[in-house]
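Indexing begins at 1, ligand by ligand and atom by atom, following the structure's order. Keep in mind the model is a prediction, meaning the values are calculated, not measured.
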Amino acid sequence: MSPERRRILTGVRPTGALHLGHYVGALENWVRLQEEYECFFLIADYQVSDHADEFDLVREAVFEVARDWLAVGLDPERSHFCIESLIPEHAELTTWLSWWIPLARLQRNPTLKAEMGEDSASMPVAFFNYPVMQAANILMPKAHLVPVGEDQLPHIEMTREIARRFNRLFDREVFPIPEGMVGRVPRLVGVDGNAKMSKSLGNAIYLKDDAETVTQKVRGMFTDPTRLRATDPGHVEGNPVFMYHDAFNPNVDEVNDLKERYRAGKVGDVEVKAKLHAALNQFLDPIRGRRAHYEAHPKLVREALAEGTARAKRVAERTMTEVRDAMRVDYLG
Ligand code: TRP
């Protein structure tokens with residue numbers, strides 16, 4: 001661990017396998033940024049109160065996420081894969097930081113509002129606390145950069161406010177002010193045309209889906225609802241199939257040709273989709289290959305998590321010593 005390298009902390013909640021939306025929204029950046037930054041990739045298992053009654057799923061998802069990370073090329077030697085609850089310093093820092101977040105500030109957070117829906121009265125306290133915990137996650141290794149999906153930006157804004165407040169209050173630069181960073185495709189549509197690909201909406205293509213599954217999902221994809229026959233001129237803009245072509249098909253000439261013919265009513269959905277599942281399967285093949293290797297060697301996955309967590313825990317202990325010093329809660333010396 002070299003202290004000169006600037007740091008990244010980012011994470012996901014362990015609720016299941018990762019999908020194409022995660023890839024273009026964030027993961028792709030993570031893979032690239034490992035070259036330049038010291039990265040902490042966090043599995044945020046304190047933040048799954050919505051899965052409290054299915055904890056076996058969470059336990060399994062911890063490994064599912066780690067396998068996906070390894071499969072896309074995150075490198076556990078260079079970066080730290082860490083499990084949040086095995087570094088209880090996160091809970092400790094959350095407690096302190098929650099002193100400085102007015103409830104009204106949380107209630108204005110648009111992501112929280114959207115997730116809460118109409119039924120805020122029945123949400124567990126842990127839910128309201130999760131953006132505070134996310135701030136603790138980010139500040140713990142003193143991260144400079146937080147590459148995430150766009151829905152996470154309000155939490156980063158709040159983290160910046162908390163960091164400034166803490167530094168000002170204790171009159172020292174304990175925490176750098178972190179920046180957010182959103183991926184190439186901030187929000188990927190679902191295969192059903194819904195604005196967001198998400199597990200809970202059942203409209204995702206997973207990084208671990210096999211070729212046949214991907215092909216079937218693409219065949220069932222929504223396209224241009226106004227177009228009834230292949231000879232009708234079609235819309236390319238806002239058409240999920242073309243959004244995926246733009247995001248995943250590296251053959252720009254092929255995509256442009258399809259778009260041109262689609263607009264002119266000279267190509268059917270079948271061909272557009274066939275080229276899309278071919279491109280997606282080509283993109284996913286190396287990811288599947290690496291995943292198969294880690295599925296066959298579960299010990300490697302366990303080691304990546306154990307070693308990364310141990311390294312991140314040492315960093316967390318150092319930060320908490322500084323926090324307690326700054327706050328003068330070192331009563332007994
Ligand atoms: N809340 C994030 C999500 O749902 C996951 C997360 C937890 C996270 N801690 C974080 C993201 C810290 C960035 C930084 O995807």
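- For His144 and Arg7, the side-chain atoms include no donor-acceptor pair closer than 3.5 Å.
- Residue-ligand proximity, Arg13 to ligand 1, at heavy-atom distances under 4.0 Å covers atoms 4 (O).
- Residue-level proximity to ligand 1 for Val12 is carried by the backbone, the only part with a heavy atom below 4.0 angstrom.
- Geometrically, ligand 1 and Asn137 share a nitrogen or oxygen pair separated by less than 3.5 Å.
- The aromatic rings of Phe166 and Phe170 are tilted relative to each other, their planes meeting at an angle between 30° and 60°.
- Of the options Leu20, Asp68, Leu207, a side chain to side chain contact (heavy atoms under 4.5 Å, CB included) to Leu27 is made by Leu207 and by none of the others.
- Using a 4.0 Å cut-off between charged nitrogen and carboxylate oxygen, Glu89 and Lys313 count as a salt-bridge pair.
- Residue-to-ligand polar distances place Gln152 within reach of ligand 1: an N/O pair is separated by less than 3.5 Å.
- Listed by number with element, the atoms of ligand 1 under 4.0 angstrom from any heavy atom of Ala44 are 7 (C).
- For Gln47, every heavy-atom contact with ligand 1 shorter than 4.0 Å involves the side chain, none the backbone.
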| request: Show your reasoning for whether side chain to side chain donor-acceptor pair (under 3.5 Å) applies to Asp269 and Thr223. | output: CA-CA 8 Å; Asp269 281 352; Thr223 58; 3.0 Å; yes
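- Close approach of ligand 1 to Leu9 is summarised as follows: ligand atoms under 4.0 Å from at least one heavy atom of the residue are 12 (C), 14 (C).
- For atom 1 (N) of ligand 1, the closest non-hydrogen atom on the protein side is Gln134 OE1, 2.8 Å.
- For the pair Glu307/Phe81, no side-chain contact is recorded, criterion being any heavy-atom separation below 4.5 Å from C-beta on.
- Among the atoms of Thr10, none of the N or O lies under 3.5 angstrom from an N or O of ligand 1.
- Of the protein's non-hydrogen atoms, the one nearest atom 5 (C) of ligand 1 is Gly11 O, 3.5 Å.
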| field | Criterion salt bridge (charged side-chain N to carboxylate O under 4.0 Å, His left out) on Glu38 and Arg6, from CA distance to verdict | value | CA-CA 6 Å; Glu38 180 182 359; Arg6 284 158 67 83; over 6 Å; no
